[in-house]
Amino acid sequence: MTSNYNFAFLDENTKRMLRRALLKAVAIPGYQVPFGSREMPLPYGWGTGGIQLTAALLGPDDVLKVIDQGADDTTNAVNIRRFFARVAGVATTERTTEASVIQTRHRIPETPLREDQILVFQVPEPEPLRTLEPREAETRTLHALADYGLMHVKLYEDIAQYGHIATSYDYPVLVDGRFLTSPSPIPKFDNPKLDHSPALMLFGAGREKRLYAIPPYTRVESLAFEDHPFEIQRWEHQCELCGSDESYLDEVVVDDRGSRMFVCSDTDFCGQRRAEQAA
Amino acid sequence: MTAAALSGSAIAASATSPSPMLELRGLGKSFELHHQHGARLDVLDNVELTLHASECVVLSGPSGAGKSSLLRVIYGNYRPSRGAVRVRHDGDWLDLAEATPHQVLEVRRRTLGYVSQFLRVIPRVPALDIVAEPLIEAGLSTPEARQRASALLHRLNVPERLWQLPPGTFSGGEQQRVNIARGLIVSRPLLLLDEPTASLDADNRVVVAELLEEARAAGSAVLGIFHDEDMRDRVATRLFPMRPFQIA
Amino acid sequence: MSALLQVRGLSHHYGQRIGCQDVSFDLRPGELLCIVGESGSGKSTLLKTAAAQLAPSAGSVRYRQRDGDWLELDELSEANRRRLAREEWGFVTQNPRDGLRLNVSAGANVAERLMALGMRNYGQLRDIARGWLERVEIDPSRIDDAPTAFSGGMQQRLQIARTLVTQPRLVFMDEPTAGLDVSVQARILDLLRRLVNELGLAAVMVTHDLAVARLLAARTMVMQGGRVVETGLTDQILDDPQHPYTQLLVSSVLTT
């Protein structure tokens, strides 16, 4: 651990501010709480929101896992993991079951989470209505009045254009029957994992200076039409490494001749399965 | 309102014993033209007239005597300057000079009809619908209203090929017959007619005369202007002479 | 018959300037009232204040709900004001681009108010949207086209469909035919006239065109300098105008 920094990089007052905001977010599930986002040593869009939340949450005994699109070994994940190892000295892991705090970009791990785990999402755009309504004052009013017909306009447009709801990631959800919420750009495959999750889910948007929460065991519904119900992605393939037919698959180009293979996006999940199969 | 109500208790009651339907008392009309150096134009003064059910009073007098203006004042198209325009509406007397716009509209809807010389054309609306509209407003179903409108247009010799066309391009006589049909399709206890037959041929004038006789037989009181003497003699039960207003 | 909307002593001031001053009127169910006057006479300000889009500087607006209860608009919470605007009222703007959502299809524009009311059946929404496109004389096969691909007249008809789809009881219209070709204008006026009759709507329409008032409205108010200078039956106001300003307005109309 580098002693030139305060524990977990942020000063204690900033962490206190963040924790207060997080408490409010947990108290009002799905509500976007403004917070004083700080400059972090990485650019916007690389997880400045998530990293501040993680910094406010970490204690010396925490075990941190960081994934990017499900993988522990991508640049962003490796850097953030190494960052906290240096500025907080916490233990890190690639194993979902061993982690107490998991910071994620665009996935929820396949391995079911537990009550003693916290999932921190990196969020580029916290406002699900933004593409339809550019005025912040107006979207806030719409949230205050739970006036969400507009969101269905987007889903309607999907069906009109593609014959089905084509939104496949960042699929809007209604949290606790009250607040329309962006689940961050996770694939809609992961949406069902939000519903009644035992783990606390926290969302941080650094550039937009908003954070919000889905507390454990909260009802989370994915919006849909009666005659076009919510559906998750399905594959005709199985993971070519571990054989899983129930996980979210990535399509990977493996050579210059355009050969492709389908593999689990969750590297830890895939690795554990292969280890069990080898044993 | 049902079709039965359209014929109105006022008519039924008055058919047996002719009773006054309209009373003009001390009626006067002046126009003040603010942009012509405040010029004042007096057109009517101290008109006294009582109109009974089942009679047809024809206004007579030279042009400029204020005949048309009188009809317009009674209808509420012009605002009376002095005096009273008392109308029997739903069995009660109502002074239109004092009535609210809503009351005047109600009186026009059910009691007081007005057929002018010219049809005010509504763009894109077919002749048949123009005629049927007052019935629909009075509560009749659209098919029934159209059926009655067809019958009336037929009787007035408007060729059937024109019914579905907007009357903007019709001849003067055709437009006038559409106008008469629209004005007479709902039987009202009180009818004002401003030269409705001016551009009609003899055959069609006879039809209009018959329609007016039928309206009178049903108890309607008619007040009209007919320049054509044959027509006037045929329909009038009484003449009401008017002369140009004299400045005292 | 009892009124639907009661406006009493209504004023809206822009700082020291008068928008509209001390206006009172009643509107009954099924009635169309026109507000006429030249640009800057306060017509649109009055319309927006009556529709609770602008806060009154003085006076009151009362609205009688479906259940017969009177609402004081001034005392209404933002939530209830929006509910009212969504469920019982409609507002048609002069420029259809202000009233439409331009980045979504024609069908979504028509269906939006229904979805806001909680309708969640895509098939039904499509059917209703197609029906309304037909009603406003837009080819239903264009349901998935963007309104930006429509002509000005079509956009205005789309806005009318979008506004009337929830069958509001009261519609406010701000110069809905200004800025359109005469032939297009006639079509829209005829459409409005028909829909107002069919649906039994009450409507307040702002226009500077006296012919529009004559065609559509039984009653008319004439405004000048933010005040109502004359009010009454439309035909009476146009054929026997009393106030100097109304006389000027009527005598300025070109006749063909």
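In the text below, chain A, chain B and the rest are named by the order of the sequence lines, each starting its count at 1.
In terms of heavy-atom pairs under 4.5 Å with chain A, the best-connected choice from Arg120(C), Arg86(C), Arg101(C), Glu78(C) is Arg120(C). Between chain A and the residues Gly107(C), Gly118(C), Ser77(C), the largest count of heavy-atom pairs under 4.5 Å involves Gly107(C). Of the listed residues (Ala116(C), Ala79(C), Ala108(C), Ala111(C)), the one with the most heavy-atom contacts under 4.5 Å to chain A is Ala108(C).
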Start with the C-alpha distance between Tyr148(A) and His143(A), add both sets of side-chain angles, then the distance that settles ring-ring contact (aromatic ring centres under 6.0 Å, His included), and finish with yes or no. CA-CA 8 Å; Tyr148(A) 293 142; His143(A) 281 297; 5.5 Å; yes
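In terms of modelled atom types and a separation under 3.5 Å, the side chain of Glu72(C) and the main chain of Asp74(C) share no donor-acceptor contact. With hydrogens and angles disregarded, no donor-acceptor distance shorter than 3.5 Å links the side chain of Gln155(C) to the backbone of Gly152(C).
Exactly one of Val171(C), Leu47(C), Thr163(C) qualifies for a side chain to side chain contact (heavy atoms under 4.5 Å, CB included) with Phe91(C). That residue is Leu47(C).
The contact between Ile159(A) and chain C is made by backbone and side chain atoms together, counting heavy-atom distances below 4.5 Å. Interface remark: His228(A) contributes side-chain atoms only to the contact with chain C (heavy atom separation under 4.5 Å). The part of Thr141(A) that comes within reach of chain C is its side chain, from C-beta onward, which places non-hydrogen atoms under 4.5 angstrom from that chain. Of the atoms belonging to Arg82(C), it is side-chain heavy atoms, and not backbone ones, that fall under 4.5 Å from chain A. Looking at Ala146(A), neither its backbone nor its side chain comes within 4.5 Å of chain C, counting heavy atoms on both sides. For Asn121(C), the parts lying near chain A are the backbone and the side chain together; criterion is any non-hydrogen pair under 4.5 Å.
The neighbour count for Phe262(A) CZ, taken as heavy atoms of other residues, nucleotides or ligands under 6.0 Å away, is above 12. Shown here is Arg16(A), whose CZ atom has no more than 12 heavy atoms of other residues, nucleotides or ligands within 6.0 Å.
You'll find the ring centres of Trp89(C) and Phe172(C) inside the 6.0 Å limit.
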